[in-house]
Each structure stands twice: as structure tokens, then as C-alpha cells.
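Side chains are part of it too, since the values below use all heavy atoms of this structure and drop only hydrogens, waters and symmetry mates. Below, chains carry the letters A, B, ... as their sequence lines are ordered, and counting in each starts from 1.
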2 protein chains.
Amino acid sequence: MSDIDLIIERLELRGHRITSSRRRVLDAVLAQQAHFTVDDLLHTTRKVGRATVFRTMKILLDLNIVCRVMMDDGALHYRLSTGRHHHHLVCTNCGRVEDFSNCDVNSLVRDLQSATQYEIEAHWLEVYGRCQSCQLLASVPESKSAATSKRATSARGGRRGNN
Amino acid sequence: MSDIDLIIERLELRGHRITSSRRRVLDAVLAQQAHFTVDDLLHTTRKVGRATVFRTMKILLDLNIVCRVMMDDGALHYRLSTGRHHHHLVCTNCGRVEDFSNCDVNSLVRDLQSATQYEIEAHWLEVYGRCQSCQLLASVPESKSAATSKRATSARGGRRGNN
DNA sequence: CTCTAAATGAGACGTAGTCTCTGGTCAAGG
DNA sequence: CCTTGACCAGAGACTACGTCTCATTTAGAG
């Protein structure tokens with residue numbers, strides 16, 4: 001059973017209808033290799049309304065089929081999700097995104113819980129850095145080839161940093 | 001020397017001019033007790049243009065005088081900052097925000113760095129839960145008094161959760 | 001006091017997302 | 001077959017948050 005059929009099955013289980021528009025959005029999502037924006041989807045799925053794409057993405061978000069990544073410029077991108085809880089490691093140079101879940105946020109959360117008496121429900125962690133290949137490129141003087149992948153897409157606005 | 005004079009001194013050191021508009025924005029920021037939005041500032045500082053408030057906030061952000069908090073509904077709020085690196089613990093019920101910095105994200109970052117070969121530059125962590133008083137309120141049946149503080153302000157749009 | 005670069009305010013613009021409204025599709029029931 | 005009602009689509013208005021532009025003002029150095 002292919003990815004798309006599995007997803008369609010889950011949509012049906014939730015009582016959602018499988019319409020041609022939703023199928024087109026799903027196709028577009030699955031065709032994306034890195035992260036993407038709703039705008040990217042709109043360019044590939046002609047004839048599907050903006051609102052419909054947003055509505056479909058909301059459903060996929062609820063079902064943990066996609067997740068959202070906060071890029072270092074503050075822009076929110078979508079990304080196919082593993083479904084399990086995880087975090088993102090974002091390359092600030094080329095925009096590549098790595099998942100990680102084998103981290104130790106839980107002990108941190110436990111400490112915080114006992115220190116503050118809060119009943120902790122969720123957390124959001126994004127880590128930013130330079131991937132290995134971007135480090136190598138940077139060390140070659142006058143290399144003009146860096147930063148060509150996703151970076152171009154959407155860069156305006158926003159600022160990261162909560163200090 | 002008062003808070004505002006200290007900040008003004010830092011602005012001058014950076015070569016920024018101290019205009020009456022900036023002073024009005026500063027006053028408004030310092031008058032805020034919890035977290036706030038640019039819109040909140042606009043209501044208190046009449047006669048200062050929107051763009052100017054945004055520009056001033058950007059400077060204050062650069063100087064670490066304020067920081068940004070991602071609320072659980074996805075809205076970005078501003079907050080007076082301690083200046084040092086820290087994270088936020090947000091009550092999802094009343095919107096109260098607690099700072100914490102005594103956490104151990106660093107070991108996590110170190111592990112991640114050696115596992116992925118990324119050169120890690122920054123991270124963003126927000127934790128969500130229920131503060132003690134909201135837990136108490138919730139345990140009183142039919143209590144109608146909960147959730148009155150900041151919650152009302154801006155709630156439209158956005159979704160949290162990277163999962 | 002004069003001069004100029006920096007800053008301002010108004011408003012156009014951009015982007016991400018929601019809401020509203022009208023109309024379509026489809027399954028169940030009569 | 002027809003009706004009804006729930007769900008869904010698409011268009012486009014609208015909102016929130018922020019940036020850009022441009023003509024005008026002003027801080028502050030000389």
C-alpha cells in the first residue's frame with residue numbers, strides 16, 4: 001500500500017471525504033522533497049483554491065502527516081512528518097532540515113516541572129546551525145556556489161531569537 | 001540611573017538618535033507589566049506611527065532589551081528581557097510567562113553537534129503548561145473565574161506544534 | 001545657527017492565513 | 001426519482017503582522 005493510500009485511509013477514518021482537490025493537494029505534498037510553503041503547493045496544484053489548500057494542510061497537521069518548521073528567518077514552512085514527536089535542526093545557510101528525536105528534552109522538562117510546579121504539556125524546540133557541506137563550502141575561499149537550494153524561496157520578514 | 005536612561009545610553013552608544021517618538025515607545029514598553037504586542041503599544045503611544053514602533057522594537061530586540069515569546073496559539077508577543085539567554089515557560093490557560101535559563105539545553109546541543117556534524121549556532125525553545133494557580137482553579141468544579149488575564153488579547157490565527 | 005544624515009508618519013504593499021458566501025457533490029431516506 | 005442535509009470547493013474579502021517608499025522633520029555634530 002502506497003503512502004498516499006495510507007493517508008487517504010486515515011482521512012476517511014476521520015470522516016473526511018476524499019475529493020479530487022484533496023487528492024491533488026496530497027499528491028503535491030508527497031511530491032515535495034524538502035520543506036515547502038502553501039505557496040509552493042499552489043504553484044504545483046493548479047485549479048485548487050488557496051483556502052482549500054490551507055484547509056487541507058490543517059487536516060494534515062492535525063493528523064501529524066505534516067509538521068511545521070520555523071526557519072531561521074522566522075518563516076514557517078511545512079514538511080512531511082514521521083508522525084512521531086521530533087524536533088528540527090535547520091541549516092541557516094542552505095535551509096536543509098534534519099529531524100531529531102533522540103534528544104533529552106524530557107529530563108529538562110521534568111526538572112522544570114518540579115522547579116516551577118507547572119504541569120507541562122508541550123514544548124517546541126528548533127535548533128539552528130550550519131550543515132557539514134556548508135561548512136566545507138565556507139572554508140573554500142571565494143566559492144560562489146553556496147546557498148542555492150531552498151534559500152531563494154521566501155526570505156522576507158520575520159526575525160528569530162528569543163534569547 | 002533609571003531603566004529608561006540606561007536604555008537610552010545603550011541606544012546612543014549604538015549611534016541611534018534619541019527622538020521623542022522613540023522615547024514614547026520606550027516609555028510604553030517599560031510601562032508594560034506582562035508580555036505585549038506591537039498593537040498594545042500603538043494603543044498606549046498615540047501619535048507614533050506603526051512603522052516607527054516596529055522599527056524601534058527591532059532595535060530593542062537587537063539590543064536584547066526585549067525578547068519575543070511564541071504563545072501557544074502561535075501569536076508572537078514581546079516581553080522585557082533580562083538580557084541574558086533564556087527560555088520561556090508559558091501557561092496555556094492564563095498566558096502567564098516565566099523565564100528560565102538554568103536548563104541544560106547545552107548538553108543536548110553538544111550531543112547533537114557531534115551526532116550530526118552541524119556547527120550549531122542557536123536554538124529556540126518554548127515550553128507550554130499550566131501554572132500552579134490555573135491547576136488549582138481547574139480542580140474547583142464549575143469555577144467561572146479562570147482565564148481572565150492576558151488571554152483576551154489577540155487569539156486569532158496560528159497553530160503551535162512541530163511534533 | 002546650519003547642515004545633513006537619520007528618523008518619522010502615512011500609507012501602499014507583501015505574506016500567511018481565516019471567513020463568508022454561493023454553489024456543487026453525494027449519500028440516505030421517502 | 002426527488003428531496004434533504006452534510007460536507008466540500010473556489011472566489012475573494014478581510015485580518016494580522018510586518019516591511020517598503022517617499023516626502024518631511026529633526027537630532028545633534030560642527
Side-chain angles (χ1 to χ4, degrees), chain A residues 8 11-28 35-43 45-62 66-79 152-161, chain B residues 8-9 11-28 35-43 45-63 66 68-71 73-79 152-161:
Chain A
I8 285 175
L11 287 174
E12 281 173 338
L13 271 173
R14 282 272 192 126
H16 296 297
R17 290 191 185 156
I18 309 306
T19 64
S20 67
S21 295
R22 285 194 177 154
R23 203 179 284 266
R24 262 175 286 163
V25 174
L26 272 182
D27 282 339
H35 44 89
F36 53 90
T37 62
V38 168
D39 219 57
D40 292 337
L41 295 182
L42 279 169
H43 290 323
T45 63
R46 289 269 166 230
K47 308 293 289 171
V48 179
R50 243 165 63 84
T52 301
V53 176
F54 275 109
R55 283 188 283 240
T56 307
M57 291 312 289
K58 200 170 182 174
I59 296 172
L60 296 183
L61 221 39
D62 280 343
V66 297
C67 56
R68 306 215 289 183
V69 189
M70 166 101 74
M71 304 306 288
D72 66 313
D73 60 4
L76 271 178
H77 285 212
Y78 293 85
R79 175 175 161 82
T153 330
S154 115
R156 202 180 313 284
R159 286 182 48 79
R160 175 178 39 90
Chain B
I8 284 174
E9 193 171 299
L11 287 174
E12 282 173 336
L13 271 173
R14 282 272 193 126
H16 295 298
R17 288 187 186 166
I18 309 306
T19 64
S20 68
S21 296
R22 283 192 178 155
R23 205 180 283 265
R24 263 175 284 163
V25 174
L26 272 182
D27 282 339
H35 43 90
F36 53 90
T37 61
V38 167
D39 219 56
D40 293 337
L41 295 182
L42 280 169
H43 290 322
T45 62
R46 290 267 167 232
K47 307 293 292 171
V48 179
R50 245 165 60 84
T52 301
V53 176
F54 276 109
R55 283 187 283 237
T56 308
M57 290 311 290
K58 200 170 182 175
I59 295 173
L60 295 183
L61 221 39
D62 279 343
L63 291 176
V66 297
R68 306 215 291 182
V69 189
M70 166 101 72
M71 304 307 287
D73 62 3
L76 269 178
H77 284 212
Y78 293 84
R79 175 175 161 82
T153 331
S154 114
R156 202 179 313 283
R159 285 183 49 78
R160 176 180 38 91

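For B/Arg68 and D/dA16, the CZ to P distance is 18 Å, given to the nearest whole Å. Atoms CG (B/Leu11) and C1' (D/dA27) sit 14 Å apart, rounded to a whole Å. One interatomic measurement links the two molecules: CE of B/Met71 to P of D/dA16, which rounds to 17 Å at whole-angstrom precision. Between A/Phe54 atom CZ and C/dC19 atom P the separation is 12 Å, expressed in whole Å. If you measure from atom CG of B/Leu76 to atom C1' of D/dT19, you get 16 Å, rounded to the nearest angstrom. Going from atom CG of A/Asp39 over to atom P of C/dG17 covers 10 Å, rounded to whole Å. B/Lys58 places its NZ atom 11 Å from the C1' atom of D/dC20, with the value rounded to the nearest Å. Taking atom CZ on A/Arg22 and atom P on C/dC26, their separation rounds to 13 Å, with Å as the unit.
An OP1 or OP2 oxygen of D/dC8 is reached within less than 4.0 angstrom by no side-chain nitrogen or oxygen of A/Ser21. Dashed line: the shortest gap from a side-chain N or O of A/Tyr78 to OP1 or OP2 of C/dG17 is under 4.0 Å. Contact between the side-chain N/O atoms of B/His16 and the OP1/OP2 oxygens of C/dA7 is found at a separation under 4.0 Å.
To the nearest 0.5 Å, atoms CE (A/Met57) and CZ (A/Arg68) are separated by 9.0 Å.
Of the candidate nucleotides D/dG28, D/dG10, C/dT8, C/dT8 has the atom lying nearest to any side-chain atom of B/Thr52. Comparing D/dG10, D/dC8, C/dA7 by their nearest atom to the side chain of A/Thr19 picks out D/dC8.
Counting distance only, with no hydrogens placed and no angle test, the side-chain atoms of A/Arg17 and the base atoms of D/dC8 include no donor-acceptor pair under 3.5 Å. For B/Arg50 against C/dG9, a side-chain-to-base donor-acceptor contact under 3.5 Å is absent. Donor-acceptor pairing under 3.5 Å, judged by distance alone, is absent between the side chain of A/Arg55 and the base of C/dG17.
With a 6.0 Å radius and a threshold of 12 heavy atoms from other residues, nucleotides or ligands, A/Arg79 has its CZ atom above the threshold.
Residues A/Val48 and A/Leu42 share a closest heavy-atom pair of O-CD2, 3.6 Å. When every heavy atom of A/Arg14 is checked against every heavy atom of A/Asp62, the shortest pair comes out as NH2-O, 4.0 Å.
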Q | Verdict with reasoning, B/Ile59 to B/Thr56, per side-chain contact (heavy atoms from CB on, under 4.5 Å) | A | CA-CA 5 Å; B/Ile59 295 173; B/Thr56 308; 5.5 Å; no
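Residues A/Gly49 and B/Val38 each lie close to DNA chain D; by heavy-atom proximity, the contact nearer the 5' end of the strand is made by A/Gly49.
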